[in-house]
Each structure stands twice: as structure tokens, then as C-alpha cells.
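Given the structure is predicted, the values throughout are model-derived calculations rather than measurements.
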Amino acid sequence: MGSDTISDISIDAIKRASLLNYGELLNKSANTWNINVWQRSLISIDSDDVKPQVAINFARYQLAANTPKDSRMNIGAKGLTGEGYKGHTFWDTEIYMLPYFTFTMPEMARNLLKYRYLGLDGARKKAKANGYWGAQFPWESAWSTDGEMTPPWGSADIVTGKPMRILSGSLEQHITSDVVIAVMQYLSITKDERFAEEMGYEIILDAAKFWASRLEWDLARKKFVIDNVIGPDEYKEHIDNNAFTNYTAFWCIQKAIAVIDVLKNSNPEIYNGLNLKLKLDESYQDWISKVNLIFLPKPNEFDVIPEDDTYLQKKIIETAQYQSDGGHAKIFKDYNLQQINDLQVTKQADVLLLVFLFEDLFSDDIKLVNWNYYEPKTTHDSSLSFSTHSILASDLNLADTAYDYFERACEVDLGTGAGKSNQGLHMASIGGVRVLDG
């Protein structure tokens with residue numbers, strides 16, 4: 001669409017609006033919001049404290065106002081409220097915001113997932129450039145077809161004074177699983193077979209092709225491993241067998257196998273089209289031969305799931321003084337990233353996100369043990385952390401702790417801390433607040 005066309009459309013819209021007076025425009029706006037937002041997913045809290053209701057309404061407003069209807073675009077980490085992260089989209093959408101839309105506004109969820117489908121070419125280019133097959137989704141994405149947009153350099157190292165290399169674009173690979181998790185949740189809730197046939201199956205299958213090519217054989221373990229990654233805990237770089245990454249890769253390949261089994265039996269025409277495009281007959285045999293040999297970190301003798309191969313051998317420090325309000329990384333005043341990499345310090349929910357998302361894989365006893373181990377070691381230097389901790393605490397019947405984390409999630413953008421939202425609101429935290437109350 002050319003700029004002249006956009007200008008013409010905008011001028012026409014202004015002319016139409018100018019035919020109405022203020023009261024008519026206000027009434028039209030109020031009715032639109034009431035029908036499309038406020039009466040959908042309505043939650044009313046009966047409490048003497050008005051703050052939770054305000055926070056929920058604030059979250060609903062921001063999710064509606066910052067979500068584009070054009071599927072060529074997605075929700076920026078800061079929405080439209082600031083210049084943080086250059087407007088880029090992360091896994092924030094799929095894991096923290098999309099569930100709200102899937103359950104309440106599925107047409108919006110479909111648009112957001114179509115964005116990932118439109119980004120398949122960019123994801124395939126990234127996989128190929130890295131020596132892999134299938135689709136490796138970008139950690140940061142902008143225009144749907146642009147591919148990886150993560151900047152190479154970040155802020156200065158506290159020790160050396162030199163800019164720090166940003167490795168998430170190359171090493172934080174769980175984003176590919178996160179997209180599949182969102183697609184599967186959407187299909188499970190909506191039963192949208194048209195989306196599955198036109199877009200969803202292809203996303204799932206191409207993600208599985210990536211993961212199968214990403215696996216490496218460990219002769220000592222006699223297992224396929226995933227080395228040199230960053231998991232959700234971004235304080236651990238170049239680590240091997242991050243539990244979240246390995247489990248979700250295993251799950252993705254399992255789902256792809258199931259998709260092919262179903263399509264071959266019930267919809268061979270769709271299968272034949274996808275097979276011609278993706279060479280699924282070859283991939284299927286590869287997946288079958290590998291999936292049950294993927295190394296999945298198991299609970300140790302104390303029922304603690306290792307975050308990665310070396311986390312449990314690292315030095316333990318007291319982290320209470322470094323726990324933040326969702327974005328102020330106090331720990332960098334005393335340590336640089338390389339030093340933190342050698343400590344049992346976690347930036348945000350990692351193993352706890354795994355046991356939250358895949359709750360059927362772990363008993364309540366194991367969940368509680370891992371809560372008791374990892375929660376005190378988590379600094380919450382990401383605003384994404386509070387909502388996961390709140391929901392998991394509630395699942396574990398830790399009611400007071402759950403409400404405390406809920407309040408902390410609400411206060412990320414509505415709290416009294418100055419400067420927290422200078423670069424824009426924290427959209428993933430806002431999405432987490434809305435999921436919490438639902």
C-alpha cells in the first residue's frame with residue numbers, strides 16, 4: 001500500500017469523523033469499546049481494595065489498544081507506548097499475551113498466529129544460515145518477513161566497560177517451541193480446523209524439522225542433546241541441555257508426529273500437499289528415530305530438576321538484596337554477566353515456567369520442591385517473571401505468596417517506582433495480569 005493511499009484513507013476518515021459532534025463521537029467510541037472489549041472477558045472483583053480491579057481494567061485496555069489487527073504485525077514488547085526494544089516482538093506474545101486472546105477474542109489470537117505463519121520464510125532463512133533444517137523463529141522480529149532482528153550489542157559491562165554482546169538472537173532458541181505451544185493451545189481451544197490446515201500444521205511441522213536437525217548425539221549419554229543455548233533464564237549463556245529448551249523441543253517433535261499420523265488417516269489431501277512442500281516422509285522417519293532418545297533432565301536425588309547441565313554445581317549466594325520489581329537489574333551493580341553465569345542466580349522463571357506450562361509431566365511434590373529451590377534464587381529482573389510465579393504459587397496452594405506476586409505483577413506499570421515505564425509499558429506483564437485474573 002503506497003503512502004498516497006494511506007494519506008487518502010486517513011483524510012477520508014477525518015472528514016467522516018468531523019461530521020459528528022463531540023457527544024456523538026464519544027458515544028460511538030464508548031459503544032465500540034463496550035461491545036468489543038469491556039463486555040468480553042468481563043471480570044468483576046468484589047473487594048474493599050480497588051487496585052486489583054483497576055489493574056485488570058488497565059490490562060484489558062492496554063491489550064486492546066496495543067494489538068494490531070493487521071496480521072503482518074504483532075504486539076511489540078512495549079506495545080505502542082514507547083521506543084523500548086525498537087517495537088520488536090518476542091516470545092512475550094505467545095506465552096504471556098496470546099492465552100488471553102485465545103480464550104476471549106480468538107479472532108485476534110488467529111491474527112497474531114498468522115503473523116508467525118507469514119514469518120516462516122524468514123524463519124527458514126535463519127535455520128538455513130545456521131546450518132539447520134525447517135524453521136528457526138527469530139528471537140526478535142519486526143515486519144513479519146524480515147527474520148532475525150536482535151541487535152548484536154547491548155549496554156556496557158560493569159567490569160570491563162565495553163559493550164556486551166547480545167547472544168539471544170543466536171542462542172535463545174526456545175522461541176521456536178513457544179510458537180508451537182501457542183499454536184497448539186489455540187487449536188485445542190478453538191477447534192479452528194481451517195487455520196490448522198492453512199497455517200497451523202505447517203508451523204508445527206517446520207518447527208519439528210528445525211529441532212530434529214538441532215539435536216546432537218552424546219556418545220557418553222547415548223542420548224540426543226541440545227548444547228550451547230540460552231534458556232528463559234538469560235543469566236546463563238552458552239549452557240547445555242537447558243531443561244525448558246529440551247523438554248519443549250521433545251514436545252514439539254511429539255506433536256509433529258501426531259499431526260502426521262492424524263493427517264495420513266483423516267486428511268490425506270492436506271498431508272500430500274504438505275509432504276510435497278516439506279518432504280515429510282523423510283522427516284517423519286527422522287523424528288521417530290530420535291524423539292525417544294532426546295535427553296530430558298530428570299529430577300535428581302533431591303527431586304530438583306537441573307536447570308541445565310552445570311547450574312546445580314555453581315556457587316550459591318544470597319539473592320534477596322538483588323530481587324527487583326521487574327526490570328531493575330540490581331545484581332549488575334556487583335557482578336558482570338560472566339560472573340553471574342557462574343552463580344546459582346536465575347533472572348526469571350525457567351524450570352518453574354516448565355513445570356507451570358507442562359504441569360501434567362510433574363507431580364505436585366516435585367513442583368513444590370522445585371519452587372522451594374528456584375524461587376529464592378530468582379531475581380525477577382524480567383517483568384515476565386511475576387505472573388508465572390503467581391499462578392504456580394496458586395496451583396501449589398500458596399495463597400498468600402500467590403497474591404503477593406499478583407500485586408507485584410500489577411505494580412510493574414502502575415506502581416510508584418519512578419522510571420520503570422520510561423521506554424514503554426511491559427506488555428507481557430500486562431498479559432500475565434490479565435491471565436492471572438481469568
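Residues passing the ring pair (Phe, Tyr, Trp, His ring centres under 6.0 Å) test with Trp251 are Phe358, sequence neighbours excluded. With sequence neighbours excluded, the residues that form a side chain to side chain contact (heavy atoms under 4.5 Å, CB included) with Asp70 are Arg72, Met73. Scored by the ring pair (Phe, Tyr, Trp, His ring centres under 6.0 Å) test, Tyr201 finds no partners at all (sequence neighbours excluded). Residues passing the side-chain hydrogen bond (donor to acceptor under 3.5 Å, both in side chains) test with Thr248, sequence neighbours excluded: Ser177. Residues forming a ring pair (Phe, Tyr, Trp, His ring centres under 6.0 Å) with Tyr186 (at least two apart in sequence, or on another chain): Phe195. Contacts of Tyr117 classified as ring pair (Phe, Tyr, Trp, His ring centres under 6.0 Å), with partners at least two apart in sequence or in another chain: none.
Residue pairs meeting the salt bridge (charged side-chain N to carboxylate O under 4.0 Å, His left out) criterion with at least one partner in residues 82-100, sequence neighbours excluded, are Glu94-Arg116. Counting only residues at least two apart or in different chains, salt bridge (charged side-chain N to carboxylate O under 4.0 Å, His left out) contacts with residues 361-376 comprise Asp364-Lys367. Residue pairs meeting the side chain to side chain donor-acceptor pair (under 3.5 Å) criterion with at least one partner in residues 253-266, sequence neighbours excluded, are Asp261-Tyr284. Within the structure, the salt bridge (charged side-chain N to carboxylate O under 4.0 Å, His left out) test picks out the following pairs touching residues 199-220 (sequence neighbours left out): Arg124-Glu202, Arg124-Asp206, Glu202-Lys277, Arg214-Glu216, Asp218-Arg221.
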Check residues 224-238 and write down every donor-acceptor pair under 3.5 Å in which the side-chain atom is one partner and the other belongs to a residue at least two apart or another chain.
{"residue": "Asn228", "atom": "OD1", "partner": "His238", "partner atom": "ND1", "Å": "2.7"}
{"residue": "Asp233", "atom": "OD1", "partner": "Tyr235", "partner atom": "N", "Å": "3.0"}
{"residue": "Asp233", "atom": "OD1", "partner": "Lys347", "partner atom": "N", "Å": "2.9"}
{"residue": "Glu234", "atom": "OE1", "partner": "Lys347", "partner atom": "NZ", "Å": "2.6"}
{"residue": "Tyr235", "atom": "OH", "partner": "Asp381", "partner atom": "OD2", "Å": "2.5"}
{"residue": "Lys236", "atom": "NZ", "partner": "Ile340", "partner atom": "O", "Å": "3.0"}
{"residue": "Lys236", "atom": "NZ", "partner": "Leu343", "partner atom": "O", "Å": "3.0"}
{"residue": "Lys236", "atom": "NZ", "partner": "Val345", "partner atom": "O", "Å": "2.7"}

Distance-only donor-acceptor hits, side chain of residues 127-135, under 3.5 Å, sequence neighbours excluded:
{"residue": "Asn130", "atom": "ND2", "partner": "Lys126", "partner atom": "O", "Å": "3.2"}
{"residue": "Asn130", "atom": "ND2", "partner": "Gln136", "partner atom": "OE1", "Å": "2.9"}

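Between Asp404 and Arg408 there is a salt bridge, since at least one side-chain N of the basic residue sits less than 4.0 Å from a carboxylate O of the acidic one.
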